[in-house]
Number of protein chains: 2
Amino acid sequence: MKGIRQLAEHLDISIGTVSRALNGKTDVNPQTRQRVLEAAERLGYVANQSGRSLRKGSTGVIGFMMQTGPEITGQGDTFFMSVFDGVQTVLARHSLDLVALLCSSSEDPDAYLQRTVARGFADAVILSATRRNDARFELLDRHKIPFISLGRSLTDVGQPWIDLDFEGMAEIAMERFVRAGHREIGVIWPNGDLNLGHLFVERCRDVLARHGLALPDEHIFRAKPSETGGYEVAQEIAGRPRRPTAVALVNETLVTGLYKGLEEAGIRPGKDIAIVGRHSPHTQFLSPALTGFSLSLHELGICLAESLLSVMPGYQGHYTGVSRRIWPMTLVEGASG
Amino acid sequence: MKGIRQLAEHLDISIGTVSRALNGKTDVNPQTRQRVLEAAERLGYVANQSGRSLRKGSTGVIGFMMQTGPEITGQGDTFFMSVFDGVQTVLARHSLDLVALLCSSSEDPDAYLQRTVARGFADAVILSATRRNDARFELLDRHKIPFISLGRSLTDVGQPWIDLDFEGMAEIAMERFVRAGHREIGVIWPNGDLNLGHLFVERCRDVLARHGLALPDEHIFRAKPSETGGYEVAQEIAGRPRRPTAVALVNETLVTGLYKGLEEAGIRPGKDIAIVGRHSPHTQFLSPALTGFSLSLHELGICLAESLLSVMPGYQGHYTGVSRRIWPMTLVEGASG
DNA sequence: ATCGGCGTCGTAAACGTTTACGGAAACTAT
DNA sequence: ATAGTTTCCGTAAACGTTTACGACGCCGAT
């Protein structure tokens, strides 16, 4: 089936009526609509995306930008796939499609986004892996592209965001360590300029200061956001003359490597060193069981989608008020700290 | 910057010449081309995707279809992110963009693909998670959409594919078990109808038969392709009266749960039961170290892209001969089996 | 001086769809 | 019977590009 023209000729109806029938307009006889729908179904006709969005000025596509490469920035594996699923449950109700915009590791993320949105590839965008000062915010704002972000940034153009409660994590983790009597407390800070790292470390420092404790530089460990990164941090910890007795980390993927590295150095998690981290499918079978924060990814996805719709012209009526939100995480107690 | 018309007016050049200048056609004065490119750069003009692809009949977009949801089918998603990166290194040379087509877990994959390609959303598609009889192959063939698949299927429409060497895995794993004196050998088969599971199990059965051994049904364990699935299989193994002394598995994500479940049941991996599986970033810190197969994901991505280009009209000249390929994996010996 | 060729550019027609507009028929109310 | 209203449908313009075609000016060759 080539196009709507063929379909119209085949039905001996005008092209305009066919289009209206397919798009659910009111001014079309129910009977002819039926005929059109049946023929379209039978012949496998689907409106061409380019023609449609050229005319309408919108594509019906929502882009979720992420970077490819061996090291996921920020979150681990199944994280995004679960979030996507939640996003889609909402978008599907509005006939919107979600695609992942994949930025190669060899391309500058800002340039990629510029190229992609200026083309008019997607109607709206969800950003993740937000940096401390994220130029993508201003770029999308300049282009008047509706967007939201999973994560805050110091650059703020007024868009909605949802961010995991890393500061709450810091509060609870640090208080927990202090209450357990720890005095030498460390933090693992994933490499790169992700804002979540800044937020977490700063809050940790604040909480410790409230208790008259310091967070010295030598207790802040930078790590690649991967299993190997965790392993390397463990080696670093083991090598330090002044060794922390408790560490908190914000990254899902580090922890397995961390456990392993510590054990090899004779430092037993949960006994010689307390650990508080993040829960994920990958961490659920560690032993000792990880004390960590978990969250509902599906719900998060739903909330993201609703926030996005609230800034998209034509959809604002449905979802409103969901502007900015700190996403709660719950502590699941294990034996690690 | 609205469109090419504005840009042309601003430069006082005809719209046709501007287009030719931007698209690198030969019949344009080098000096005016320079002017056009500078103005486009300065004003941030990028050709509208819909208009362009409507006229050209192609989009410049390659889709990689994957299913969202909490349980990744088959592979973990650091897997895909690494493969994507390899794919992109090749596609970028041809100004092709890769996007992930995300099929919601609540939508039928075949219907999703139908909807998406009939719209003309992408010029070509890469399929993954191929099923035993995958209707998507015929669908894409009917629509004359160039595509390749990561994984074989019994339905064959002549497209190129690349498949990991699961049969080679079966050969080596089974031979290894037999040589080590195992007589009760089991296989873990991920749920669903992925063809790789069939291929693996069948070949395991064949190899064992060569040695006069059987692969009874009670030694074939179906599992959810997730950490939890591995844990549940472990419990099942532990509960069986006739317990395998060696198991092979084909899935990256199962193994951590499997280890844990076995240990809880007092069955020590590498001692009481031999395990051969797949290596991934998540499995590298297991103890005892996993004996498993690994592969170069980046290279795999490159090969996928080249195969795809070889079936895309207009690109065939560059890449040829790469039609179907069993992708080798290398055994990394650990202490688990 | 004429002609062909080359380099450069403008014009206009497509690509497939949606939708504003207007018109024809049928129906309702007077 | 007439006017007004409603229901349905056809016509054509528009969306932003790319590209076939032709035109213009300039050069060198005859």
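Remember, predicted model here, so these are calculated numbers, not experimental data.
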Exercise. May I ask you to check whether A:S105 and B:D85 show a side-chain donor-acceptor distance below 3.5 Å?
Key: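 Side-chain D/A pair, A:S105 to B:D85: present.
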
Practice problem: Ignoring hydrogens and angles, state whether a donor on the side chain of A:T155 or A:E138 is under 3.5 Å from an acceptor on the partner side chain. | Solution: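 No, because no side-chain N or O of A:T155 sits under 3.5 Å from a partner of the opposite role on A:E138.
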
Could you pull out the closest heavy-atom pair between [X] and [Y], with the gap in Å?
X      : Y      : answer
A:R119 : B:V46  : CG-CG1, 3.4 Å
B:Q114 : A:G44  : NE2-O, 4.0 Å
A:S323 : A:P160 : O-CB, 2.8 Å

Quiz item: Just checking A:S19: base, sugar-phosphate only, or nothing, at a heavy-atom cut-off of under 4.0 Å?
Solution: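 Since a base atom lies under 4.0 Å of A:S19, the category is base.
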
Quiz prompt | Those residues that, when tested against A:D27, pass salt bridge (Lys or Arg N to Asp or Glu O under 4.0 Å) (two or more places apart) | solution = A:R20

Quiz item: Would B:R142 and B:V157 satisfy side-chain contact (heavy atoms from CB on, under 4.5 Å), going step by step from the backbone distance to the final call?
Solution: CA-CA 10 Å; B:R142 260 201 313 279; B:V157 297; over 6 Å; no

When you compare the protein's N or O atoms with those of nucleotides 8-11 of chain D, which come within less than 3.5 Å of each other, and at what distance?
| from | atom 1 | to | atom 2 | distance (Å) |
| --- | --- | --- | --- | --- |
| D:dC9 | OP2 | A:N29 | N | 2.9 |
| D:dC9 | OP2 | A:T32 | OG1 | 3.1 |
| D:dC9 | N4 | A:D27 | OD2 | 3.3 |
| D:dG10 | OP2 | A:S14 | N | 2.8 |
| D:dG10 | OP2 | A:S14 | OG | 2.8 |
| D:dG10 | OP2 | A:T17 | OG1 | 2.8 |
| D:dG10 | N7 | A:R20 | NH2 | 3.0 |
| D:dG10 | O6 | A:R20 | NH1 | 2.9 |
| D:dG10 | O6 | A:R20 | NH2 | 3.4 |

Quiz item: Which residue pairs pass the ring pair (Phe, Tyr, Trp, His ring centres under 6.0 Å) test with at least one member in residues 14-44 of chain A, sequence neighbours excluded?
Solution: none

Quiz prompt | Test side chain to side chain donor-acceptor pair (under 3.5 Å) applied to A:Q34 - qualifying residues, sequence neighbours left out | solution =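 For A:Q34, the residues satisfying side chain to side chain donor-acceptor pair (under 3.5 Å) (neighbours in sequence not counted) are A:E38.
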
Quiz item: Do B:D163 and B:R152 meet the salt-bridge criterion of a basic N to acidic O distance under 4.0 Å?
Solution: yes

Quiz prompt | Range on DNA chain C touched by chain A, heavy atoms, distance below 4.0 Å | solution =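 Extent of the interface on DNA chain C: C:dG16 to C:dA20.
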
Quiz item: To the nearest 10 degrees, what angle separates the axes at the start and end of the helix from C:dA1-D:dT30 to C:dT30-D:dA1, five pairs each?
Solution: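 Result, rounded to 10 degrees: 50°.
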
